[in-house]
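Following: one structure in structure tokens, then a few remarks.
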Amino acid sequence: MNNSEIAKVFQDIADLLELKGESVFKIRAYQKAVRSIEHLPVELAQLRAEGRLREVPGIGEAIEKKIAELLDTGRLKYYEELRAEFPEGIISLLQVPGVGPKTAMRLSTELGVNSIEELEKAILDGRVASLFRMGDKTAENILRGLQSMRTKEQRIPIGTALPLAEGIMASLQERTAVRNLTPAGSLRRFRETIGDIDLMGTADDAEAVIRAFTELPQVREVLAKGGTKASIVTKDNLQVDFRVVPHDAFGSLLQYFTGSKQHNINLRERAIRQGLSLSEYGITVTRTGQLEKFATEEAFYGRLGLQYIPPEFREGTNEIELAEAKQVPEPIDRRDVKGDLHVHSNWSDGRDSIEDMALAARALGYRYIAITDHSKGLGIAHGLNEARIREQRAEIRTLNESLKDFRILTGIEVDIRADGSLDLPDEVLAEMDVVVAAVHSAMGQEQEKMTRRIVKAMENPHVDIIAHPTGRLLGVREAVAIDMEAIFRAAARTGTVLEINAMPDRLDLRDIHIFRARELGVKLCLGTDAHATEHLPFMRFGVGIARRGWAEAGHVLNTLPAEGVLAALKH
DNA sequence: GCCGTTTTCGGCCCGACTGTTTTCAGTCG
């Protein structure tokens with residue numbers, strides 16, 4: 001079983017224990033284990049083999065045993081017995097906003113409702129409202145939750161959410177005197193998908209800013225509106241929560257609403273031991289009841305004796321311990337990136353000329369790009385054969401003579417065939433500045449074959465970079481079946497660079513892969529896979545995901561100047 | 001069920017909102 005399957009079992013256990021009315025601390029322990037496992041950069045099976053399961057925060061004696069049982073047998077007796085105590089389907093009720101464990105249990109025992117469909121029926125015929133301590137409003141609230149669950153976009157990719165949030169922030173800046181306007185929540189932590197957009201700001205006149213927010217042209221519906229906060233649904237069907245506080249309390253507010261939940265819980269547990277109590281309003285000294293306010297997050301963390309923790313690190317792993325020891329890494333910044341190593345042109349399936357791509361890249365402050373059009377095997381993308389490759393190289397040479405302070409590297413995105421061989425002969429690859437290799441076909445191969453295929457490509461001395469290593473497309477296509485640990489080890493062994501593809505529907509490698517690859521000494525690079533000039537700025541998404549993988553500038557090849565990149569590539 | 005620079009036992013994050021209530025339980029973030 002893999003990590004997400006095991007996490008799912010423990011999530012179910014936590015839900016079932018809630019229905020059962022077990023100790024909230026026990027439930028919280030399982031939930032903590034789930035979150036911990038979800039963010040784990042290594043498979044549990046491997047940790048167990050190394051005898052290191054107990055090093056994972058939230059995994060103790062009991063959960064360690066359960067993981068072992070799941071890994072050995074694929075089943076868990078405790079889980080099966082627990083499930084047998086409840087009607088099938090009851091857990092699904094917990095997915096409905098407004099329905100918690102108490103309500104779910106009553107719906108099941110008193111009304112025999114054990115599915116979303118039965119719940120809807122029971123609301124519509126009035127049975128839910130007739131329950132003791134329930135009423136029309138509660139029933140209606142649940143119905144609304146049920147409908148929003150169906151109609152609302154679930155989690156949307158950050159590539160969609162961030163521009164929408166920026167549009168709203170720009171409108172708000174134009175119309176009001178709001179200050180410190182910034183995203184919070186998962187958007188600020190740069191998770192690859194976002195549930196709701198959270199915005200924070202400060203103002204002298206909070207009410208005026210809130211009012212302007214609810215009257216923005218993007219607004220379709222106002223869900224709630226008060227003196228300091230409001231929630232709206234945009235015309236894109238996205239919920240946006242906005243909160244405004246006085247300037248001097250902004251630090252603690254932003255910290256609180258950035259989360260993650262587990263990070264905040266860990267932070268507060270630690271604060272209690274220091275005799276402090278944390279909230280969005282500030283830090284209270286328990287002994288005196290004195291509330292201290294913080295205008296910045298730096299000051300807030302500083303008061304707790306901690307180094308500042310970048311939002312992308314705040315997932316409740318070991319970031320607080322590192323901040324205590326003043327050993328938080330300095331994550332890569334967009335300004336560190338000196339060039340783009342994965343760019344297409346109209347020589348294959350790109351839209352724009354090489355010159356236009358180069359000029360656009362230079363305008364972004366880059367010193368170089370690598371033109372990596374597709375190879376001939378990708379007929380659908382007008383892949384290049386040997387003859388056209390030579391023509392393209394001549395054009396690049398001419399352009400390089402006229403471009404000042406900028407260099408176009410010659411390259412190719414060569415197709416990795418189903419058997420791991422490459423689509424172009426070694427002699428042709430040898431003449432390139434940069435060889436990027438990628439899988440584009442036969443993506444359904446079984447894990448062992450796919451892993452061997454990519455490892456074989458990495459063993460080719462001319463292959464510098466593996467592009468979008470897992471092949472996933474967010475919300476469209478799952479990652480190919482592949483043994484990532486084996487890929488990382490082969491990359492480290494052969495000196496092959498793994499790409500962090502910045503295209504917002506790819507973000508591949510993903511955060512936990514970047515984390516693990518780094519640990520194993522794998523070189524990384526950033527590439528946008530741009531097929532038009534307006535794709536070049538997608539670099540910021542790649543940088544954001546790299547930061548979530550705790551990557552520093554030194555881990556990423558194209559923070560070097562062009563000569564440095566060429567010197568570091570293996571061929 | 002986890003965990004420890006107070007503890008191997010006795011703690012365990014904090015506040016807001018809502019609805020159905022006469023003081024609070026349930027849910028959410």
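In this text, all values refer to a predicted model and were calculated from it rather than measured experimentally. In what follows, every heavy atom counts, from backbone to side chain, and hydrogens, waters and symmetry copies are set aside. Each chain gets a letter, A, B and so on, in the order the sequences are listed, and its residues count up from 1.
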Quiz item: Which nucleotide in the set dC28(B), dG1(B), dG19(B) lies at the smallest distance from any side-chain heavy atom of Pro97(A)?
Solution: dC28(B)

Quiz prompt | Tyr79(A) six-ring centre to Arg83(A) NZ/CZ under 6.0 Å and within 45° of normal | solution = yes

Quiz prompt | Given DNA chain B, 5'-ward residue of the pair Ala139(A) and Val99(A), judged by closest heavy atom | solution = Ala139(A)

Practice problem: Decide whether Asn3(A) and Glu5(A) meet the rule of one side-chain donor and one side-chain acceptor closer than 3.5 Å. | Solution: no

Exercise. Considering only atom C1', compute the distance from dA25(B) to dT20(B) and round it to an integer number of Å.
Key: 10 Å

Quiz item: Which nucleotide in the set dG1(B), dC17(B), dC14(B) lies at the smallest distance from any side-chain heavy atom of Tyr256(A)?
Solution: dC14(B)

Exercise. Whole angstrom is fine here: how far is it from CG in Leu19(A) over to C1' in dG26(B)?
Key: 14 Å

Quiz item: Judged by modelled atom types alone, do His247(A) and Asp204(A) share a side-chain donor-acceptor pair under 3.5 Å?
Solution: yes

Practice problem: Could you please name the option among dC14(B), dC2(B), dT5(B) that lies closest to any side-chain atom of Ser277(A)? | Solution: dC14(B)

Quiz item: If the C1' atom of dT23(B) is compared with that of dT18(B), how far apart are they to the nearest Å?
Solution: 15 Å

Quiz item: With a 4.0 Å cut-off on heavy atoms, is Ile272(A) in touch with a base, just the backbone sugar-phosphate, or nothing at all?
Solution: sugar-phosphate

Quiz item: Which whole number of Å gives the distance between the P atom of dT21(B) and that of dG26(B)?
Solution: 13 Å

Self-check item: Arg472(A) side chain vs Leu507(A) backbone, donor-acceptor pair below 3.5 Å
Solution: yes

Quiz item: What integer distance in Å separates Lys32(A):NZ from dG11(B):C1'?
Solution: 14 Å

Quiz item: What is the distance from CD1 of Ile37(A) to C1' of dC2(B), rounded to the nearest Å?
Solution: 13 Å

Quiz item: Is any side-chain nitrogen or oxygen of Thr138(A) closer than 4.0 Å to OP1 or OP2 of dT20(B)?
Solution: yes

Practice problem: Report the distance from atom CZ of Arg243(A) to atom P of dA16(B), rounded to the nearest whole Å. | Solution: 8 Å

Exercise. Pick base, sugar-phosphate or nothing for Lys65(A), based on heavy-atom distances below 4.0 Å to the nucleic acid.
Key: nothing

Exercise. Report the nucleotide, chosen from dG29(B), dT5(B), dG1(B), that has the shortest atom-to-atom distance to any side-chain atom of Arg273(A).
Key: dT5(B)

Exercise. State which of dG15(B), dT27(B), dG1(B) makes the closest approach to the side chain of Thr103(A).
Key: dT27(B)

Practice problem: State which of dC12(B), dT20(B), dC14(B) makes the closest approach to the side chain of Lys137(A). | Solution: dT20(B)

Self-check item: Given dG19(B), dG29(B), dT27(B), the nucleotide with the shortest approach to the side chain of Lys102(A)
Solution: dT27(B)

Exercise. Would you mind classifying the nucleic acid contact of Leu267(A) as base, sugar-phosphate or nothing, using non-hydrogen atoms under 4.0 angstrom?
Key: nothing

Practice problem: Between Gly98(A) and Lys229(A), name the one whose nearest nucleotide on DNA chain B is closer to the 5' end. | Solution: Lys229(A)

Practice problem: Please state the C1' separation for the pair dT6(B) and dG11(B) - nearest whole angstrom. | Solution: 12 Å

Exercise. Validate the cation-pi geometry between Arg518(A) and Phe515(A): distance from NZ or CZ to the six-membered ring centre under 6.0 Å, angle to the ring axis within 45°.
Key: yes

Exercise. Mind calculating the distance between CD (Glu280(A)) and P (dG15(B)) to the nearest angstrom?
Key: 7 Å

Self-check item: Any side-chain donor near an acceptor of the partner, Gln255(A) and Tyr301(A), under 3.5 Å
Solution: yes

Practice problem: Sticking with atom P, work out how far dA16(B) lies from dC9(B), rounded to a whole angstrom. | Solution: 38 Å

Quiz item: Which of these nucleotides, dG15(B), dT20(B), dG1(B), is closest to any side-chain atom of Tyr281(A)?
Solution: dG15(B)

Practice problem: Whole angstrom is fine here: how far is it from CD in Glu18(A) over to P in dT27(B)? | Solution: 8 Å

Exercise. Taking atom C1' in both dT8(B) and dC3(B), compute the distance separating them and give it to the nearest angstrom.
Key: 9 Å

Practice problem: Searching all strands shown, indicate the nucleotide that pairs with dC2(B) (Watson-Crick or G-U wobble; both distances under 3.5 Å). | Solution: dG11(B)

Practice problem: Output the single nucleotide from dT27(B), dG1(B), dT20(B) whose closest atom is nearest the side chain of Pro101(A). | Solution: dT27(B)

Quiz prompt | Sugar-phosphate only, base, or nothing, as touched by Val24(A) at under 4.0 Å among non-hydrogen atoms | solution = nothing

Practice problem: Apply the side-chain hydrogen bond (donor to acceptor under 3.5 Å, both in side chains) test between Thr317(A) and each candidate in Glu319(A), Arg314(A), Glu321(A); give the one that qualifies. | Solution: Glu319(A)

Practice problem: Sticking with atom P, work out how far dC12(B) lies from dC17(B), rounded to a whole angstrom. | Solution: 25 Å

Exercise. Would you mind reading off the distance between Arg270(A) atom CZ and dT5(B) atom C1', rounded to a whole angstrom?
Key: 11 Å

Quiz item: Nearest to the side chain of Phe25(A) - dC14(B), dT20(B), dG1(B)?
Solution: dG1(B)

Exercise. Pick base, sugar-phosphate or nothing for Phe257(A), based on heavy-atom distances below 4.0 Å to the nucleic acid.
Key: nothing

Practice problem: Could you check how far CD of Glu64(A) sits from P of dC2(B), rounded to whole Å? | Solution: 9 Å

